[in-house]
Amino acid sequence: MRMHAIITGGSSGIGLATARLLSARGATVSLLARGAARLEAAAQEIGAHSRAVDVSDEAALTTALQELEGLGGPCDVLISCAGLARPGRFLELEPAVFREMIEVDYFGTLYAIRAVAPGMVERGRGSIVAVSSAAGLLGIYGYSAYGPAKFAVRGLMESLRAELTPHGVHVGVVFPPDVDTPQLADENRFKPAETFAISGTIKPLSPEAVAASIVLGIDKRRFLICPDTGTKLLARLGGVLAPVLNWSFDRKVRSVTPGSAGARRADRR
Ligand SMILES: NC(=O)c1ccc[n+]([C@@H]2O[C@H](COP(=O)([O-])OP(=O)(O)OC[C@H]3O[C@@H](n4cnc5c(N)ncnc54)[C@H](OP(=O)(O)O)[C@@H]3O)[C@@H](O)[C@H]2O)c1
């Protein structure tokens with residue numbers, strides 16, 4: 001029987017590139033996202049099943065996943081890619097943004113996994129991969145709402161690796177840096193100048209490159225799926241590198257906003 005891969009956020013960017021790759025390898029693919037038009041176009045292009053759903057709605061997502069398993073067979077691979085990023089300065093962000101990031105990026109991932117993991121454990125096989133972010137490895141200026149949600153995804157996957165691997169289920173977590181997708185274009189509209197100063201000079205990866213690293217990570221049953229050298233170093237040596245990176249990023253932030261005398265005194269401590 002063909003492998004059934006289910007991808008949340010499969011109508012665009014990294015999710016769609018991964019769906020194309022898995023479909024080209026002969027997998028049965030199912031896609032989920034909210035916007036029906038873009039979703040249907042993607043599903044038609046690759047011959048996938050699809051359901052329009054908001055991943056932060058647990059009941060609707062669980063039903064959609066059950067229906068997709070009814071159509072394509074039990075889920076062999078779940079890729080939780082649906083996500084949103086809304087940067088902004090902590091003191092200026094609307095309270096609703098903090099909640100939305102957690103609800104979509106974290107709970108959207110948790111609910112999808114809760115729906116398919118029991119079946120995988122029962123069958124003693126399967127692969128669950130969640131997309132976190134470089135912002136889930138290091139606290140970065142401007143990501144006080146998005147970063148914690150992606151840190152939570154990483155924490156969840158670390159626990160699941162320990163719990164589900166003994167049942168034959170592969171667990172992986174992806175840490176993309178900036179990737180050239182509609183999300184990045186949208187995010188850039190809200191990025192403070194300081195966040196641009198930190199990351200603006202780094203050339204974004206293509207969604208196809210990230211998709212290739214996800215599929216390789218599944219093939220090799222890797223836990224850490226890092227599409228570039230920077231995130232690989234950060235994922236493995238984050239604690240060691242953090243003081244140096246923070247020093248460099250703080251300098252870039254100061255080049256945009258010189259800061260108060262109090263802040264400069266606190267920095268030197
Ligand atoms: N692009 C980057 O620089 C970057 C870097 C690190 C990590 N990431 C992460 O990579 C993942 C994919 O992002 P991308 O860059 O490929 O973005 P994208 O092209 O905007 O795709 C996001 C996908 O998620 C879906 N989605 C968003 N909110 C949803 C919700 N509440 N319920 C269901 N589906 C939802 C979108 O469809 P609808 O809007 O129609 O629902 C779309 O299919 C995200 O988790 C993102 O945080 C991206």
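Here, residue 1 is the first one in the sequence, and each next residue gets the next number.
- Among pairs with a residue in residues 48-99, those fulfilling ring pair (Phe, Tyr, Trp, His ring centres under 6.0 Å) read Phe90-Phe98, at least two apart in sequence or across chains.
- Scanning for side-chain contact (heavy atoms from CB on, under 4.5 Å) contacts around Pro192 gives Pro87, Arg89, Tyr141, Glu194, Thr195, with sequence neighbours left out.
- Side-chain polar atoms of Ser127 and Arg221 form no donor-acceptor pair below 3.5 angstrom.
- Using a 4.0 Å cut-off between charged nitrogen and carboxylate oxygen, Glu187 and Arg86 do not count as a salt-bridge pair.
- Scanning for side-chain contact (heavy atoms from CB on, under 4.5 Å) contacts around Thr181 gives Ile14, Val179, Gln183, Leu184, Pro207, with sequence neighbours left out.
- Under the salt bridge (charged side-chain N to carboxylate O under 4.0 Å, His left out) criterion, Arg25 pairs with Asp219, not counting sequence neighbours.
- For the ring pair (Phe, Tyr, Trp, His ring centres under 6.0 Å) condition, no pair includes a residue of residues 160-211, sequence neighbours left out.
- Side-chain contact check for Arg123 versus Pro74: some heavy-atom pair is nearer than 4.5 Å.
- Residues passing the side-chain contact (heavy atoms from CB on, under 4.5 Å) test with Ser206, sequence neighbours excluded: Glu208, Ala209.
- Within the structure, ring pair (Phe, Tyr, Trp, His ring centres under 6.0 Å) pairs that include any residue of residues 219-253 do not occur (at least two apart or interchain).
- At least one donor-acceptor pair under 3.5 Å links the side chain of Ser213 to the backbone N or O of Val210.
- No side-chain donor-acceptor contact under 3.5 Å links Asp105 to the backbone of Val153.
- Partners of Asp178 by salt bridge (charged side-chain N to carboxylate O under 4.0 Å, His left out), not counting sequence neighbours, listed by chain and number: Lys191.
- Cluster partners of Ile202, using a side-chain heavy-atom cutoff of under 4.5 Å among ILVMFWY residues and allowing indirect links: none.
- For Ala24, the side-chain contact (heavy atoms from CB on, under 4.5 Å) criterion is met by no residue, not counting sequence neighbours.
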Without placing hydrogens or testing angles, list every side-chain donor-acceptor pair under 3.5 Å for residues 59-66, not counting sequence neighbours.
{"unit_1": "Thr62", "atom_1": "OG1", "unit_2": "Glu58", "atom_2": "O", "d": "2.7"}
{"unit_1": "Thr63", "atom_1": "OG1", "unit_2": "Ala59", "atom_2": "O", "d": "3.0"}

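- In terms of the salt bridge (charged side-chain N to carboxylate O under 4.0 Å, His left out) criterion, Arg222 has no residue partners (sequence neighbours excluded).
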